[in-house]
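What follows is a set of notes on a single structure, which appears directly below.
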Amino acid sequence: MNRLTKIFQPTLIVPKNAVVKNQDVTSKSQRLMLEQGLFRQAGNGTFYLMPLLQRSLQKAVDLVDHFMQRHASAQKLTLPMLTAASLWRQSGRLESAGPELMRTTDRHGKQQILGPTHEESITALVASISPVSYRAFPLRLYQISTKFRDEMKPRFGLMRAKEFLMKDLYTFDLFDAVGVGYVKVRGDTGMIGGSESHEYHFPSEVGRISWCVVGSAGWVGIRRCSGGVRGVAGPTKTMGAKFLAQNGKPETLQMGCYGIGVTRLLAAGVEVLSSEKDIRWPFVLAPFKVCLIPPKEGSKEAGLGEKWVEKLNFEIGELSGVGSDVLVDDRTNMTIGKRLMDARKTGYPIVVVIGPKTATESGELFEIHNHMDRSQLNLNFSETLAEIKRICDSQFSY
């Protein structure tokens, strides 16, 4: 049983009606997640991710893994975070990437790059075993790893940080499953290089996107990216990555790269969906899907609490799409109202209250709060299970 008292969640207490002026807090998602103890700032552009946010991050990783492997037939691997600067020089990006690169020098005086992206590394890997037979293609290799970029001005919390988790796939794929509307725009290839690039944005008040129609093909004009990026890049020619064509002759490989900022995805989803006071997660990424609130200690219905918590926790956990995503707010020294408000602020999509209506002569009823549409129902036990199943079935699942 997942109990809230056992979860490390250092919330930020903000006095009522207090005006908090913090120049480091530059977005709604950043403020809400800081207040609810989902992350803490470690330094300029770096963060501690707390257990609740780590659960959401793992769900995002699992979602990406599912689509990469099941739908894109991609194979997961791990590339080194440190890449020799000589590879970046060979691709021509050591100078063009400029101050965004984080560099380190080992004890032998060799300069290395803390990877902001891994085109050089993956190309060096393929080049080391070239020429690969044409029969091996399309070859789809991806990783989910920490990336480093020395941002001049980190801001918006996890959306523009110096250190972040990113999925990078080297070939091509299709990904559309988080449940937040997006806009596709043609972008500058920038540091990535190559011949063409597209960006996928979550429209929000934080980032402004300007675009204009080009013929009837697409859009140009980018201000800020808060979603994923994909593009076509290729240091394959300069680094000698070749394949053996059907005619038996070696030819230069063409490479596509597709990136999704996984930590950025979490923050962007919260930014778009939340109100000014309450977090709202994409359902598939919520740290817990269902929160149970038992009676306050000392109340007349307190004796029913343990019985119903155990029964509800087990039966709801057996529903498809829920599993271990049930959390019990066992802070029974606090009122139900206070715990219900905390659950709404943290963004649990479904809350089940075991309260006064559970101990009535006319029957045992539970309050079901659907925080996605702000509805509330009073239902008996079987109806409660059916309603939770209905809500889960109406959301994206994989």
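The structure displayed is predicted, hence computed values, not measured ones. Note that these values count all heavy atoms, side chains included, but never hydrogens, waters or copies made by symmetry.
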### Task
Describe, in one word, how the ring planes of Trp308 and Phe366 are oriented to each other, choosing from parallel (under 30°), tilted (30 to 60°) and perpendicular (over 60°).
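The arrangement is perpendicular - the two ring planes meet at more than 60°.
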#### Entry: His369 and His371 aromatic ring geometry - parallel, tilted or perpendicular at 30°/60° bounds
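Judged by the thresholds at 30° and 60°, the geometry between His371 and His369 is tilted.
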Could you check whether any side-chain heavy atom of [X] comes within less than 4.5 Å of a side-chain heavy atom of [Y], counting everything from C-beta outward?
| X | Y | value |
| --- | --- | --- |
| Met68 | Asp65 | no |
| Arg390 | Cys392 | no |
| Asp168 | Ile144 | no |
| Asn370 | Gln376 | no |
| Trp281 | Pro287 | yes |
| Ile122 | Met255 | yes |
| Glu251 | Asn247 | yes |
| Met166 | Val262 | no |

I'd like to know if [X] and [Y] make a salt bridge, using a cut-off of under 4.0 Å between side-chain N and carboxylate O.
| X | Y | value |
| --- | --- | --- |
| Arg3 | Asp329 | no |
| Asp342 | Arg331 | yes |
| Asp278 | Arg344 | yes |

Between [X] and [Y], what is the shortest heavy-atom contact and its length?
| X | Y | result |
| --- | --- | --- |
| Ala161 | Gly45 | CB-O, 3.3 Å |
| Ser96 | Gly92 | OG-O, 3.4 Å |
| Ala343 | Cys291 | CB-SG, 4.4 Å |
| Ile336 | Val353 | CG2-CG1, 3.6 Å |
| Leu273 | Pro282 | CD1-N, 3.6 Å |
| Thr123 | Ala241 | CG2-CB, 3.9 Å |

I'd like to know if the side chain of [X] and the backbone of [Y] have a donor-acceptor N/O pair within less than 3.5 Å.
| X | Y | result |
| --- | --- | --- |
| Ser121 | His118 | no |
| Thr83 | Gly115 | no |
| Ser274 | Glu271 | no |
| Thr26 | Phe156 | yes |
| Ser91 | Glu120 | no |
| Asp106 | Lys110 | yes |
| Arg155 | Arg160 | no |
| Lys277 | Ser275 | no |
| Arg264 | Met159 | yes |
| Asn380 | Leu365 | no |

### Query
Does Glu301 have any side chain to side chain donor-acceptor pair (under 3.5 Å) partners at least two apart in sequence or in another chain, and if so, which?
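By the side chain to side chain donor-acceptor pair (under 3.5 Å) rule, Glu301 matches no residue at all.
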### Message
Please determine whether side-chain contact (heavy atoms from CB on, under 4.5 Å) holds for the pair Leu158 and Gln30, giving the CA-CA distance in whole Å, both sets of side-chain angles, and the decisive distance to 0.1 Å.
### Response
CA-CA 7 Å; Leu158 298 178; Gln30 182 182 9; over 6 Å; no
Check whether [X] and [Y] end up in the same hydrophobic cluster, where Ile, Leu, Val, Met, Phe, Trp and Tyr are linked by side-chain heavy atoms less than 4.5 Å apart.
| X | Y | value |
| --- | --- | --- |
| Leu266 | Val61 | yes |
| Leu49 | Met81 | no |
| Met372 | Leu377 | yes |

Any chance you could measure [X], atom [atom1], to [Y], atom [atom2], to the nearest 0.5 Å?
| X | Y | atom1 | atom2 | answer |
| --- | --- | --- | --- | --- |
| Glu367 | Thr358 | CD | OG1 | 7.5 Å |
| Lys311 | Ile354 | NZ | CD1 | 12.0 Å |
| Leu52 | Ile279 | CG | CD1 | 9.5 Å |
| Leu87 | Leu94 | CG | CG | 10.5 Å |
| Leu34 | Ser27 | CG | OG | 8.5 Å |
| Tyr170 | Leu79 | OH | CG | 7.0 Å |

### Query
Should Ile388 and Val352 be marked as a side-chain contact (heavy atoms from CB on, under 4.5 Å) after you check the CA-CA gap, both sets of side-chain angles, and the distance that decides it?
CA-CA 10 Å; Ile388 294 173; Val352 180; 3.9 Å; yes
### Task
List the steps and the verdict of side-chain contact (heavy atoms from CB on, under 4.5 Å) for Leu82 and Ile113.
CA-CA 5 Å; Leu82 287 172; Ile113 305 299; over 6 Å; no
Are there more than 12 heavy atoms of other residues, nucleotides or ligands under 6.0 Å from atom [atom1] of [X]?
| X | atom1 | result |
| --- | --- | --- |
| Arg135 | CZ | no |
| Glu383 | CD | yes |
| Gln246 | CD | no |

### Task
Please lay out, stage by stage, how Lys345 and Glu35 fare under the test salt bridge (Lys or Arg N to Asp or Glu O under 4.0 Å).
CA-CA 9 Å; Lys345 285 183 176 180; Glu35 290 176 356; over 6 Å; no
### Message
So, applying side chain to side chain contact (heavy atoms under 4.5 Å, CB included) with Pro116, which one of Glu100, Arg149, Lys162 is it?
### Response
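Among the candidates, only Arg149 passes.
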### Message
If we check side chain to side chain contact (heavy atoms under 4.5 Å, CB included) with Met50, which of these qualifies: Gln9, Arg40, Met33?
### Response
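It is Arg40, the one option of Gln9, Arg40, Met33 that forms the side chain to side chain contact (heavy atoms under 4.5 Å, CB included) with Met50.
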#### Entry: Trace of the side-chain contact (heavy atoms from CB on, under 4.5 Å) decision for Thr332 with Lys296
CA-CA 5 Å; Thr332 53; Lys296 187 181 187 296; 5.8 Å; no
### Pairs satisfying side-chain hydrogen bond (donor to acceptor under 3.5 Å, both in side chains), at least one member in residues 46-58, at least two apart
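Of all non-adjacent pairs touching residues 46-58, those that pass side-chain hydrogen bond (donor to acceptor under 3.5 Å, both in side chains) are Arg55-Asp325, Gln58-Asp62.
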### Message
Test of understanding: with salt bridge (Lys or Arg N to Asp or Glu O under 4.0 Å), list the residues that count as partners of Lys389, not counting sequence neighbours.
### Response
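Residues passing salt bridge (Lys or Arg N to Asp or Glu O under 4.0 Å) with Lys389: Asp393.
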### Query
Does NZ or CZ of Lys289 come closer than 6.0 Å to the centre of the six-membered ring of Phe283, within 45° of the ring's axis?
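The answer is yes; both the distance and angle limits are met.
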### Task
Determine, step by step, whether Thr346 and Gln36 satisfy the side chain to side chain donor-acceptor pair (under 3.5 Å) criterion, reporting the C-alpha distance in whole Å, the side-chain angles of both residues, the deciding distance to 0.1 Å, and the verdict.
CA-CA 6 Å; Thr346 308; Gln36 293 309 115; 2.9 Å; yes
### Message
Working note: Gln69 + Tyr142, criterion side chain to side chain donor-acceptor pair (under 3.5 Å); need CA distance, chi angles, decisive distance, verdict.
### Response
CA-CA 10 Å; Gln69 296 172 25; Tyr142 82 101; 2.8 Å; yes
